[in-house]
Amino acid sequence: MKGKYQVIVVGAGHAGCEAALASSRMGLKTLIITLNVDSIAIMPCNPAIGGIAKGQMVREIDAMGGEMGWITDHAGLQFKILNSSRGPAVWSPRAQCDKQLYSILMSKSLQNQKNLDILQSETTSLIVKNGKVCGVKILTGETINAESVVVTTGTFLRGSIHLGKMHFEGGRFNEKSASYFSKSLSEDAGLKLGRFKTTTTPRVNTLSIDYSKMTEQPGDEKPKPFSHFTEVESWRKNLKQLSCWLTYTNPTTHKIVGDNSNLSSIGIGEVNSKSPRYCPSIEEKIERYPEKTSHHIFVEPEGYNTNEVYLNGLYTGLPFDLQQQMINSIAGLEKAKVIRYGYAIEYDYSSPLQITKSLETKTCQNLFLAGQINGTTGYEEAASQGFVAGVNVTLKILGKNPLILKRNESYIGILIDDITTRGVDEPYRMFTSRAEYRLSIRNDNADLRLMDIGHSLGLISDKAYKKFELYRNTLNDLYNNDINNLATDQDLSPWSLETAKGEVDIYKKYEGYIEIQKKMANKIKKNEDKKIPIDFDYNKISSLSSETKQRLMQIRPLTVGQASRVHAIKPSDIAIITIYLEKQKKERKQKSNEQHNS
Ligand SMILES: Cc1cc2nc3c(=O)[nH]c(=O)nc-3n(C[C@H](O)[C@H](O)[C@H](O)COP(=O)(O)OP(=O)(O)OC[C@H]3O[C@@H](n4cnc5c(N)ncnc54)[C@H](O)[C@@H]3O)c2cc1C
């Protein structure tokens with residue numbers, strides 16, 4: 001093929017789109033290759049963006065000049081701040097989206113982007129010379145040269161769909177899998193691949209649902225957009241929010257599932273790979289929590305122009321007829337007609353221990369990996385990595401230092417640090433509990449943390465940055481009570497005085513706690529060599545989750561430092577263990593003093 005590119009991005013999912021937009025916006029001639037241009041940035045599971053910790057990441061991508069937040073604002077059909085009854089540190093924006101509109105808007109962003117070409121084809125192999133990638137080969141046998149390649153192949157590499165006892169190839173239902181590329185990633189780029197799996201839920205026709213038996217879950221009265229650049233008032237005026245609904249499984253549902261779990265592709269071991277523990281199938285939930293007689297099912301619209309609704313909580317690999325029975329046992333869904341059935345999918349991923357923090361592979365120069373291929377799950381996790389990979393591929397070509405985000409400045413930094421230093425043994429998703437500095441990395445201050453970076457990369461325009469600087473100065477004025485010459489809403493737009501006052505209030509409320517948190521984080525670092533007895537009884541610490549106890553009892557780390565590197569152990573767990581060890585030490589000392597004195 002003609003035309004030499006500086007960057008080729010393989011895959012146009014959430015990671016690929018952010019990567020291609022970042023590199024082309026930073027001035028590099030970029031080509032994005034994808035299997036099907038009609039499914040660019042499609043959401044194969046719930047069409048919802050954001051949520052706990054994920055919402056913070058979308059705000060971070062937006063603050064640095066990424067696309068996901070802006071598209072969500074324009075494709076969202078319901079906006080909510082989750083955890084709003086708790087402290088601002090864990091407030092997390094979430095939007096239910098119109099699935100088709102999201103994909104259309106993202107495709108348009110790609111099509112309108114200068115320096116970016118789009119090609120529908122299958123990438124079959126990498127071209128690697130002297131340990132450096134220098135292009136790709138596509139299905140027709142043609143080669144396309146490039147200085148660097150970003151691979152974002154999601155669930156497509158040797159994708160295999162499982163439905164009850166049935167198995168067939170597919171990257172998603174009704175989409176072909178990429179069957180050749182894995183071989184090249186292993187043989188040409190030296191990457192070791194593993195298998196993970198994930199499941200999705202059935203979709204039913206809204207006209208067949210009896211909503212009178214469910215509880216309405218409306219959007220927020222004063223919805224907030226994701227993007228710092230969305231003009232709030234006019235956006236709110238144009239937004240027509242749709243409601244979600246809540247219903248529950250019941251003992252009949254559990255009996256149908258329990259009696260037939262041997263027929264599911266989840267339980268019978270035909271899918272040997274690990275699925276996300278945090279997104280379990282209904283089969284796994286019923287087996288794991290036999291004492292529970294019901295589970296939440298959120299009934300969520302998939303778009304303005306479709307009758308399809310998503311049954312959030314019914315992830316399943318049961319055969320079609322049993323899915324139908326299970327659904328019809330639930331209040332309000334007695335007559336529900338299924339349009340699409342749930343299924344499980346298994347795919348190749350590459351251990352993220354094989355990439356550096358810039359997301360470049362250690363085995364092959366100029367080859368970057370981002371998204372689900374790195375063992376993560378979720379649109380936001382994928383988009384975050386895609387953005388960073390797109391930036392870093394560019395910085396490398398330009399001979400500049402990579403962008404390495406720190407744990408104390410962003411969730412994206414935590415995600416990349418976690419996966420590249422600890423690896424993954426199941427699909428990784430983000431949680432607020434993974435953040436030791438969560439009081440200071442909130443969704444409301446993503447701009448204050450990261451917009452300087454976005455501007456220095458050239459991804460935030462000078463015009464937008466000037467507005468941001470005015471907003472930041474206004475925050476200082478408000479903080480210092482210097483209110484005589486405050487900027488007006490008009491000057492500040494799309495920021496506003498209301499936002500600025502809210503931000504200063506949060507800052508003042510948290511000031512003291514943030515200091516304490518910093519000290520605690522430093523203490524954790526200092527406690528690296530603190531010994532943990534080999535027979536330490538983790539069961540005595542009630543505030544540790546049973547999963548944490550299980551992992552630590554299995555591995556039995558000998559120091560706090562070792563414990564902190566155990567997979568899925570969170571900084572908050574380490575803080576709890578450290579405090580407990582200190583308490584035990586004090587008690588021992590006191591006891592020995594008492595014995596000594598008696
Ligand atoms: C059935 C199912 C259930 C899921 N359930 C959940 C869930 O419960 N929770 C959750 O958080 N996430 C879930 N996900 C995962 C979520 O969809 C992904 O995390 C997210 O889409 C990953 O983004 P990505 O950009 O890495 O890959 P994807 O969105 O998968 O995009 C990959 C892109 O690469 C392209 N591609 C692949 N191979 C090639 C090739 N060789 N040549 C050219 N193009 C190629 C594809 O066409 C596609 O455009 C689910 C996914 C599926 C399929």
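Keep in mind it's a predicted model, so treat the numbers as computed, not measured. Atoms within a ligand are numbered from 1 in the order they appear, just like the ligands themselves. Numbers here simply count residues along the sequence, with the first being 1.
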Q | ring-ring contact (aromatic ring centres under 6.0 Å, His included) against W91, all qualifying residues, sequence neighbours excluded | A | none

(Q) Applying a heavy-atom cut-off of 4.0 Å, say which part of F173 lies close to ligand 1: side chain, backbone, both or neither. (A) neither

Q. What do you reckon, does H14 have a nitrogen or oxygen under 3.5 Å from a nitrogen or oxygen of ligand 1?
A. yes

Q: Please say whether the positively charged group of R434, taken as NZ for Lys or CZ for Arg, lies over the ring of Y428, i.e. under 6.0 angstrom from the six-membered ring centre and within 45 degrees of the axis.
A: yes

Q: On the 0 to 90° scale, with breaks at 30° and 60°, tag the H162-H167 ring pair as parallel, tilted or perpendicular.
A: perpendicular

Q) So is S121 close enough to ligand 1, meaning a heavy atom under 4.0 angstrom away? A) yes

Q. Would you say ligand 1 has an N or O under 3.5 Å from any N or O of V10?
A. no

Q. Side chain or backbone of Y180 under 4.0 Å from ligand 1, or both, or neither, by non-hydrogen atoms?
A. neither

(Q) Counting only nitrogen or oxygen atoms and a 3.5 angstrom limit, does T377 reach ligand 1? (A) yes

Q) When only distance counts, is G171 in polar contact with ligand 1, meaning an N/O pair under 3.5 Å? A) no

Q. Would one find an N or O of Q372, backbone or side chain, under 3.5 Å from an N or O of ligand 1?
A. yes

(Q) If we set the cut-off at 4.0 Å for heavy atoms, which region of T123 has an atom near ligand 1: side chain, backbone, both, or neither? (A) both

Q: Of the side chain and backbone of T198, name the one, both, or neither that has a heavy atom under 4.0 Å from an atom of ligand 1.
A: side chain

Q: Would you check whether A15 has a nitrogen or oxygen atom less than 3.5 angstrom from a nitrogen or oxygen atom of ligand 1?
A: yes

Q | Test of proximity, T199 against ligand 1: N or O pairs below 3.5 Å | A | yes

